[in-house]
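Keep in mind that the numbers below use all heavy atoms, side chains included, and drop hydrogens, waters and symmetry copies. Because the structure is predicted, anything quoted here is derived from the model rather than measured.
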Amino acid sequence: MEPTDTTPPPIPPPVPPASIPAASKPVPATRNWWQRNWKWFVPTGCLTFIALGLAFVGCIALLVFGAMKSSDAYRIALARAKADPRVTEALGTPIEEGLFVSGNTSVSGALGKSNLAIPIHGPKGTATIYAVALKAEGKWEYAKLLVQIEKTGQSIDLSEQPNE
């Protein structure tokens, strides 16, 4: 009889990780788009909404100021101030209008009313034209039209000039 070997067979060496089938590997947690990008998306999105809001407000302001500047009451008052020698002496030439007109103008056909404060400036200083006018039968009549010079506090009354 042959001697029998009672020693167990050798233990196979451990399998390297590259040889483990993919199905048995632990799957790393995949992050979705939001998890990967929220740190730049949130501030960018907020700034976009703020910029859109500011653009909307700016467009409304331009529309309102443009409507006031296109009115006949505004243009006549500005033309009278630019043509008056007392105003050109106080402010110098050229006289230019400012950006922000305040007040209101309402016109309905041949009737209307206007109450405006128009900033103007020249090389020698700044001033404000105050115009209160009514439109009747298609013609503007100024109840008050004066230029207030800021530097000296002088008021120049332009309402006695003929209407245009």
Value for CD (E150) from OG1 (T126), rounded to nearest 0.5 Å, stands at 3.0 Å
Under 3.5 Å: donor-acceptor pair, side chain of K124, backbone of E89 = yes
Transitive ILVMFWY side-chain link L78 to L99, under 4.5 Å = yes
Distance-only donor-acceptor check, side chains T128 and Q148, under 3.5 Å | no
When you look at E96 and H121, which way does the side chain to side chain contact (heavy atoms under 4.5 Å, CB included) test go after all the steps?
-> CA-CA 6 Å; E96 297 178 3; H121 59 90; 3.7 Å; yes
Would you please say whether a donor-acceptor pair under 3.5 Å links the side chains of N37 and W40?
-> yes
Grab the two heavy atoms, one from P119 and one from V101, that are nearest each other, plus how far apart they are.
-> CD-CA, 4.3 Å
Can you check side chain to side chain contact (heavy atoms under 4.5 Å, CB included) on T105 and L116, steps first, answer last?
-> CA-CA 8 Å; T105 298; L116 299 172; 3.6 Å; yes
Is it true that a side-chain atom of R86 and a backbone atom of I156 form a donor plus acceptor pair closer than 3.5 Å?
-> no
Close side-chain approach of D84 to V147, heavy-atom, < 4.5 Å = no
Minimal heavy-atom distance between R31 and R36, with the atoms involved, is O-NH1, 2.8 Å
May I ask you to test the D72-R75 pair for a side-chain heavy-atom distance under 4.5 Å?
-> yes
Value for SG (C46) from CD1 (I50), rounded to nearest 0.5 Å, stands at 6.5 Å
Where do Y142 and I76 land on the side chain to side chain contact (heavy atoms under 4.5 Å, CB included) test, with the steps shown first?
-> CA-CA 10 Å; Y142 287 88; I76 293 169; 3.3 Å; yes
Is it true that K82 and E97 make a salt bridge, defined as a side-chain N closer than 4.0 Å to a carboxylate O?
-> yes
Beyond-backbone contact of W33 with W38, side-chain heavy atoms, under 4.5 angstrom | no
Side-chain (T88) to main-chain (P85) donor-acceptor, under 3.5 angstrom | yes
So do the side chains of L146 and L158 get within less than 4.5 Å of each other, counting heavy atoms only?
-> no
Which pair of non-hydrogen atoms, one from G92 and one from P123, has the smallest distance, and what is that distance?
-> C-CD, 3.7 Å
Any chain of hydrophobic side-chain contacts (each under 4.5 Å) joining L145 to L134?
-> no
Rounded to the nearest 0.5 Å, how far does OG of S106 lie from NZ of K135?
-> 10.5 Å
For the ring pair W140 and Y74, is the centre-to-centre distance below 6.0 Å?
-> no
Does E137 CD have over 12 foreign heavy atoms under 6.0 Å away?
-> no
Side chain to side chain contact (heavy atoms under 4.5 Å, CB included) assessment of F49 paired with L54 = CA-CA 9 Å; F49 281 113; L54 291 174; over 6 Å; no
Quick one: does I118's side chain get under 4.5 Å of Y130's, heavy atoms only?
-> no
What pair of heavy atoms forms the shortest contact from A81 to I129, and how long is it?
-> CB-CD1, 3.4 Å
